[in-house]
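All remarks here apply to the structure that follows.
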Amino acid sequence: MSTAASDLNKPPREFDVVRTIVWIFGSLVGISILFTIVRLCIRKMKLSTTTDLQAGIHNPAIVTAPPVQVWQLVDAATMERFLHDMAREKSIRFTAQELHSFTMNYSTRLGSGGFGVVYQGQFPNGIKIAVKVLSKSSDKRVEEQFMAEVGTIGRTYHINLVRLYGFCFEHKMTALVYEYMENGSLDKFLFSTETPKIEWEKLQEIAIGTAKGIAYLHEECQQRIIHYDIKPGNVLLDMNLSPKVADFGLAKLCNRDNTHVSITGYRGTPGYSAPEFLLHNYPITHKCDVYSFGMLLFEIVRRRRNVDSNQGDSLDWFPKKVWEEYGNDGLKDLTMEIGIEEKDREKAERMFMVALWCVQDSPDSRPLMSTVVKMLEGGVEIMPPSNPFRYLYSVSARDVVGTGSNNTTTTSNDSTWYKDSTPIMGKYEIQMATSS
């Protein structure tokens with residue numbers, strides 16, 4: 001009898017099944033809702049930067065003064081196709097009216113050069129900007145600079161690269177919109193007598209930061225970016241004197257399988273450009289940026305230009321002097337001569353050694369920029385460099401730099417440049433292969 005009563009108190013088996021199904025269904029619905037909320041939050045975080053920049057940009061209250069007529073592109077259809085492809089990237093396309101408002105009718109001029117004039121401005125949300133208005137010209141180099149800037153720096157983001165917020169391309173206006181760098185370019189701190197000098201320890205940080213920015217372009221982007229114009233004027237400093245590589249008007253993208261590119265004419269700035277640019281049909285690789293950085297490094301240590309214009313007709317080329325002093329075990333004396341304090345002399349000697357490796361006449365002998373960063377940061381023993389200026393005494397520079405018809409390269413590993421007891425970083429090899 002008690003067994004029968006117990007059976008009567010048990011819920012039907014069908015009720016257990018229904019309750020289980022309801023519980024499973026409810027759990028699935030809850031998980032789906034939670035997943036959707038997480039996706040929306042992540043998407044909102046990714047778009048937050050763009051949203052902040054666009055906040056207030058398309059305000060109907062913006063002043064509608066006539067835009068400044070700048071230049072008219074020859075092939076507008078080609079440019080529109082290019083901009084359509086770039087629309088998938090992060091950069092924002094602004095209107096001429098918006099830029100007119102951001103710059104308060106271009107009231108504050110920051111400087112000029114590189115086919116344009118740069119003005120200071122500000123987004124409605126308070127972010128300061130620098131607007132480079134490209135000059136009115138039928139010169140194809142203006143068009144090439146615009147596409148180079150948007151097509152390279154517009155694809156990247158790194159703490160040591162100047163940020164391109166967006167651009168404007170209209171019938172009467174073509175401009176590039178960058179983040180504003182409060183302290184301008186490095187050259188005025190190195191060469192101007194009117195600008196306060198930067199502490200030498202900070203200069204070393206600037207050198208390392210610049211090297212990291214170039215290393216990112218060469219080794220971490222989906223497509224390698226060659227800058228072609230590394231120099232003090234193209235290293236900008238923010239309010240904390242942190243460096244950012246700028247001015248990508250000569251830059252080019254190249255696939256990693258074909259690391260050399262075909263160049264027509266001389267590129268870069270005399271005094272910083274690699275010697276292979278002087279050779280006809282010689283394959284140009286990203287190692288030309290390494291050479292330019294080496295020349296920049298000499299100037300950072302010395303805080304003066306490599307060529308002393310006060311010497312009249314005599315050529316006082318500082319990099320050659322560094323090599324001669326190194327060969328005579330005189331680097332320490334040289335650091336004393338140029339006024340470096342005792343506490344910084346060992347670091348200065350290290351920077352000279354790195355610079356001598358960077359400016360090797362053969363591109364194959366120059367280290368990768370990631371290797372340059374490692375050597376500058378210390379902790380490794382830098383190997384003795386060979387004479388980087390043999391081409392100055394050679395009958396034919398090609399005999400020193402290499403033969404252009406030979407598209408193979410001698411592979412070097414990091415042990416060529418430094419000695420380290422710890423596992424060394426992976427090396428990105430150069431493949432100087434032919435490409436159309």
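- The shortest distance between side-chain heavy atoms of Val322 and Leu331 falls below 4.5 Å.
- Checking side-chain atoms of Ser101 against main-chain N and O of Gln97 turns up no donor-acceptor pair under 3.5 Å.
- Residue pairs meeting the salt bridge (charged side-chain N to carboxylate O under 4.0 Å, His left out) criterion with at least one partner in residues 189-204, sequence neighbours excluded, are Lys202-Glu205.
- Contact record, Leu161 with Gly213: CD2-O, 3.7 Å, taken as the closest heavy-atom pair.
- Rounding to the nearest 0.5 Å places CD of Glu219 at 6.5 Å from NE2 of His286.
- Note that the CG atom of Leu356 and the OG atom of Ser386 stand 9.5 Å from one another [nearest 0.5 Å].
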- Message: Determine whether His100 and Met173 satisfy the following criterion, side-chain contact (heavy atoms from CB on, under 4.5 Å), listing intermediate values before the conclusion.
- Response: CA-CA 10 Å; His100 183 273; Met173 166 67 70; over 6 Å; no

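- With Phe318 as the aromatic partner, Arg302 meets the cation-pi criteria of under 6.0 angstrom to the ring centre and within 45 degrees of the ring axis.
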- Message: Apply side-chain contact (heavy atoms from CB on, under 4.5 Å) to residues His218 and Leu368 and explain how you reach the verdict.
- Response: CA-CA 9 Å; His218 290 179; Leu368 291 169; over 6 Å; no

- Task: Applying salt bridge (Lys or Arg N to Asp or Glu O under 4.0 Å), run through Arg350 and Glu346 and close with a yes or a no.
- Result: CA-CA 6 Å; Arg350 171 176 290 273; Glu346 184 177 345; 6.0 Å; no

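- To the nearest 0.5 angstrom, Ile153 atom CD1 is 10.5 Å from His158 atom NE2.
- Side-chain atoms of Thr335 come within 3.5 Å of backbone N or O of Lys332 as a donor-acceptor pair.
- Contact check for Pro319 versus Val359: no side-chain heavy atoms found under the 4.5 Å cut-off.
- Residues Ile159 and Lys212 fail the side-chain proximity criterion, which asks for heavy atoms closer than 4.5 Å.
- Looking at Arg303, its side chain does come within 3.5 Å of a backbone N or O of Ile198 through a donor-acceptor pair.
- For the pair Leu296 and Pro232, the minimum side-chain heavy-atom distance is below 4.5 Å.
- For Lys231, the side-chain hydrogen bond (donor to acceptor under 3.5 Å, both in side chains) partners are Thr269, not counting sequence neighbours.
- Here the closest heavy-atom approach between residue Gln360 and residue Ser365 is recorded as CB-CB, 3.8 Å.
- Exactly one residue among Leu190, Asp247, Asp187, Leu186 makes a side chain to side chain contact (heavy atoms under 4.5 Å, CB included) with Val235. That residue is Leu186.
- Between Leu241 and Ile206 the shortest heavy-atom distance is O-CG1, 3.6 Å.
- For the pair Ser292 (side chain) and Tyr272 (backbone), a donor-acceptor distance under 3.5 Å is present.
- Atom CE of residue Met369 and atom NZ of residue Lys374 lie 15.0 Å apart, to the nearest 0.5 angstrom.
- Side-chain atoms of Glu299 come within 3.5 Å of backbone N or O of Asn306 as a donor-acceptor pair.
- Judged by distance alone, the side chain of Arg345 and the main-chain N or O of Ala348 form no donor-acceptor pair under 3.5 Å.
- Side chain of Gln204 to main chain of Lys347: no donor-acceptor pair is present (N/O by atom type, distance under 3.5 Å, no hydrogens or angles).
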- Task: Step by step, work out the side-chain contact (heavy atoms from CB on, under 4.5 Å) result for Tyr165 and Ile129.
- Result: CA-CA 8 Å; Tyr165 286 132; Ile129 57 174; 3.7 Å; yes

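- Put simply, the side chain of Asn183 gets close to the backbone of Asp238: a donor and an acceptor are under 3.5 Å apart.
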- Query: So Leu237 and Met181, side-chain contact (heavy atoms from CB on, under 4.5 Å) or not? Walk me through it.
  - Reply: CA-CA 6 Å; Leu237 305 175; Met181 303 294 286; 5.5 Å; no

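- Note: Tyr106 and Tyr119 have perpendicular aromatic rings, judged against thresholds of 30 and 60 degrees for the angle between ring planes.
- Within 6.0 Å of CD on Glu341 lie no more than 12 heavy atoms contributed by other residues, nucleotides or ligands.
- Contact detail for Lys188 and Ser192: the closest heavy-atom pair is O-CB, 3.0 Å.
- Two residues are said to be in side-chain contact when any heavy atoms from C-beta on lie closer than 4.5 Å; Asp361 and Phe389 fail this criterion.
- Remark: Tyr326 engages Trp323 in a ring pair (Phe, Tyr, Trp, His ring centres under 6.0 Å) (not counting sequence neighbours).
- Judged purely by atom type and a 3.5 angstrom limit, Arg366 has no side-chain atom pairing as donor or acceptor with the backbone of Val290.
- Considering only heavy atoms from C-beta on, Phe352 stays 4.5 Å or farther from Leu297 through its side chain.
- In this structure, the side chains of Ile127 and Gln122 stay at 4.5 Å or more apart for every pair of heavy atoms.
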- Step by step, would you call Phe248 with Tyr178 a ring-ring contact (aromatic ring centres under 6.0 Å, His included)? CA-CA 12 Å; Phe248 288 73; Tyr178 304 98; 8.9 Å; no

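- Put simply, the side chain of Asp289 never gets that close to the backbone of Ile214: no donor and acceptor are under 3.5 Å apart.
- Looking at heavy atoms from C-beta onward, Phe277 lies in side-chain contact with Ile284 at the 4.5 angstrom threshold.
- Residue Phe191 qualifies as enclosed at atom CZ: its count of foreign heavy atoms under 6.0 Å is above 12.
- Residues Pro243 and Thr210 come closest through the heavy atom pair CB-OG1, 3.6 Å.
- Taken to the nearest 0.5 Å, the CZ atom of Phe102 stands 10.0 Å off from the SG atom of Cys168.
- To the nearest 0.5 Å, atom NZ of residue Lys128 and atom CZ of residue Phe123 are 14.0 Å apart.
- Closest non-hydrogen pair, Leu164 versus Gly154, comes out as CD2-CA, 3.9 Å.
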